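Okay, so here's the structure we're looking at.
Note that this is a predicted model, so its numbers are computed, not measured.
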Amino acid sequence: MKPWINYQHLLYFRTIATEGSIARAADQLRLGPPTLSAQLKQFEDIIGVKLFERQHKKLTLTEAGRIALQYANDIFRAGDEMLEVLHDRLTPMRIHVQIAALDSVPKHLTLALAKAAYQLGDCTVTILEGKGDELIRELALHRIDLFIANYLPSTHEAGGLYSKSVAKVAVSFCGAPKYQSLRSGFPESLSKVPMILPTVHSKLRHDLEHYLKTAGITMDIVAETQDTSLQKLMGVDGIGIIPIPIIAVEDLIKAGSLISLGQLPGIFEEFFLVAAARKIENPISSQLMKSFRL
């Protein structure tokens, strides 16, 4: 006889998975921890799979648990939308695509990816930002669908992940109009000029330092940041010159707020789209991994 899902059990499971512990979930559900633990055990017995593993007194979702959580989220989201649709307050459910990007990824690239998603189907796009290690962990747990980065995950992080290069963009040194004289004699003219560089964690930073030191150009680093939006603000304000993918500053150059001083030969920034292998694929994100390129 086919097992019958008790949706109260499904709610209990989802709450435990979201809260990360039976104690916190019990507080939210206003149940005793022993009662909730027994309900979870009953749910696992009914569906015939183990949903959690205990690691250092913490509950960690198994692969089956991660798949079940994805379904549970979709089921409860669909239930909420059903009530909204029945009361004429919302259009029927769209495919949900969750995209995460590092601060160092130009917003133009994130926008292009979102627009490509809309072209593939009726969908809602959620865009998140954060630290690389946190976003890779969320990707591996299937809490996000796609991750845009300017580096590939390290070997120990890459288990179950796959990636592709989606853009290789020329990097230009840009600055406020007051730095226009630096165009003459570039790149030697950059010596001892205030610079706003990416942080030392960036591959671009290492490439720039290697080139400038080899060329005998003395760097005057007045600020470091991975956030391209902040880099642009500081550049427009005249605090220093910024090395940045040219696509990220095209509008500011057209407006005259920044000028391009020049490009270093062989210096590019490459961007990657990363996804996690999963049994149940998001159709939009799956197609983006196959077809998207800037």
Side-chain angles (χ1 to χ4, degrees), residues 5 7 10-11 13-14 17-18 61 63-130 132 134-150 152-153 158 160-169 228-229 245 247-248 250-251 270-294:
I5 293 178
Y7 287 92
L10 192 63
L11 172 63
F13 157 69
R14 181 175 180 243
T18 302
L61 286 167
E63 182 182 0
R66 291 194 294 269
I67 294 171
L69 179 59
Q70 182 180 357
Y71 272 109
N73 287 335
D74 289 342
I75 287 168
F76 284 102
R77 188 182 301 118
D80 291 340
E81 291 203 9
M82 179 190 73
L83 294 175
E84 296 290 330
V85 170
L86 291 175
H87 290 87
D88 297 324
R89 291 197 294 264
L90 196 65
T91 55
M93 186 169 62
R94 297 184 174 98
I95 297 172
H96 188 204
V97 183
Q98 298 191 87
I99 298 171
L102 294 177
D103 290 341
S104 53
V105 173
K107 303 300 184 280
H108 292 67
L109 178 54
T110 308
L111 175 61
L113 184 62
K115 290 170 70 174
Y118 294 132
Q119 291 173 358
L120 289 172
D122 190 20
C123 63
T124 298
V125 176
T126 298
I127 298 174
L128 308 168
E129 289 188 340
E134 295 172 351
L135 296 178
I136 289 172
R137 185 166 58 250
E138 292 294 289
L139 181 67
L141 292 172
H142 299 165
R143 291 174 182 161
I144 57 178
D145 299 303
L146 296 171
F147 173 47
I148 318 171
N150 56 354
L152 288 171
L161 304 181
Y162 61 103
S163 60
K164 75 166 189 174
S165 173
V166 294
K168 193 173 183 179
V169 185
T228 55
S229 296
I247 60 167
E250 287 176 340
D251 53 343
E270 192 167 11
F271 298 96
F272 302 90
L273 199 56
V274 188
R278 59 199 331 180
K279 293 181 179 179
I280 306 161
E281 291 189 337
N282 181 308
I284 300 291
S285 61
S286 176
Q287 188 58 39
L288 287 171
M289 281 299 297
K290 295 175 184 175
S291 62
F292 179 76
R293 185 169 177 81
L294 189 64

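Considering only heavy atoms from C-beta on, Thr126 stays 4.5 Å or farther from Ile99 through its side chain. No side-chain heavy atom of Ser163 sits less than 4.5 Å from a side-chain heavy atom of Leu273. No side-chain heavy atom of Phe147 sits under 4.5 Å from any side-chain heavy atom of Leu161. Within the 4.5 Å cutoff, the side chain of Glu270 has no heavy atoms near those of the Asn150 side chain. Under the 4.5 Å side-chain criterion, counting only non-hydrogen atoms from C-beta, Thr124 is not in contact with Val97. Side-chain contact between Phe272 and Ile148 is absent, with no heavy-atom pair separated by less than 4.5 Å. By the 4.5 Å heavy-atom criterion applied to side chains, Ile284 and Leu288 are counted as neighbours. No side-chain heavy atom of Phe271 sits less than 4.5 Å from a side-chain heavy atom of Ser165.
Minimum interatomic distance between Ala276 and His142 (heavy atoms only, all atoms of both residues): CB-CD2, 3.8 Å. Closest of all the heavy-atom pairs between Thr228 and Ser104 is CG2-O, 3.3 Å. Nearest heavy-atom pair across Leu102 and Gly130 is CD2-O, 3.6 Å. Considering every non-hydrogen atom in both Ile95 and Pro283, the closest pair reads CD1-CG, 3.8 Å. Shortest non-hydrogen contact noted between Arg293 and Val166 is CG-O, 3.2 Å. When all heavy atoms of Val105 and Ala149 are compared, the closest pair comes out as CG2-CA, 4.0 Å.
In this structure, CD in Gln98 is found 11.0 Å from CG in Leu139, a value given to the nearest 0.5 Å. If you take CZ on Arg137 and CZ on Arg143, they are separated by 9.0 Å, rounding to the nearest 0.5 Å. Here the straight-line distance linking atom CE of Met289 with atom NZ of Lys164 works out to 6.5 Å at 0.5 Å rounding. Between the OG atom of Ser286 and the CG atom of Asp145 there is a distance of 10.5 Å, given to the nearest 0.5 Å. For the atom pair OG1 (Thr110) and CG (Leu146), the distance works out to 11.5 Å, reported to the nearest 0.5 Å. Between atom OG of residue Ser291 and atom CD of residue Gln119 there is a gap of 9.5 Å, rounded to the nearest 0.5 Å.
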Apply the test side-chain contact (heavy atoms from CB on, under 4.5 Å) to residues Val274 and Tyr162: give CA-CA distance (whole Å), side-chain angles for both, the deciding distance (0.1 Å), then the verdict. CA-CA 6 Å; Val274 188; Tyr162 61 103; over 6 Å; no

Let me see the working for His96 and Cys123 under side-chain contact (heavy atoms from CB on, under 4.5 Å), right down to the final yes or no. CA-CA 6 Å; His96 188 204; Cys123 63; over 6 Å; no

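Under the 3.5 Å distance criterion, the side-chain polar atoms of Asp103 are left unmatched by any main-chain donor or acceptor of Glu129.
Heavy-atom neighbours of Lys168 NZ from other residues, nucleotides or ligands within 6.0 Å: at or below the threshold of 12.
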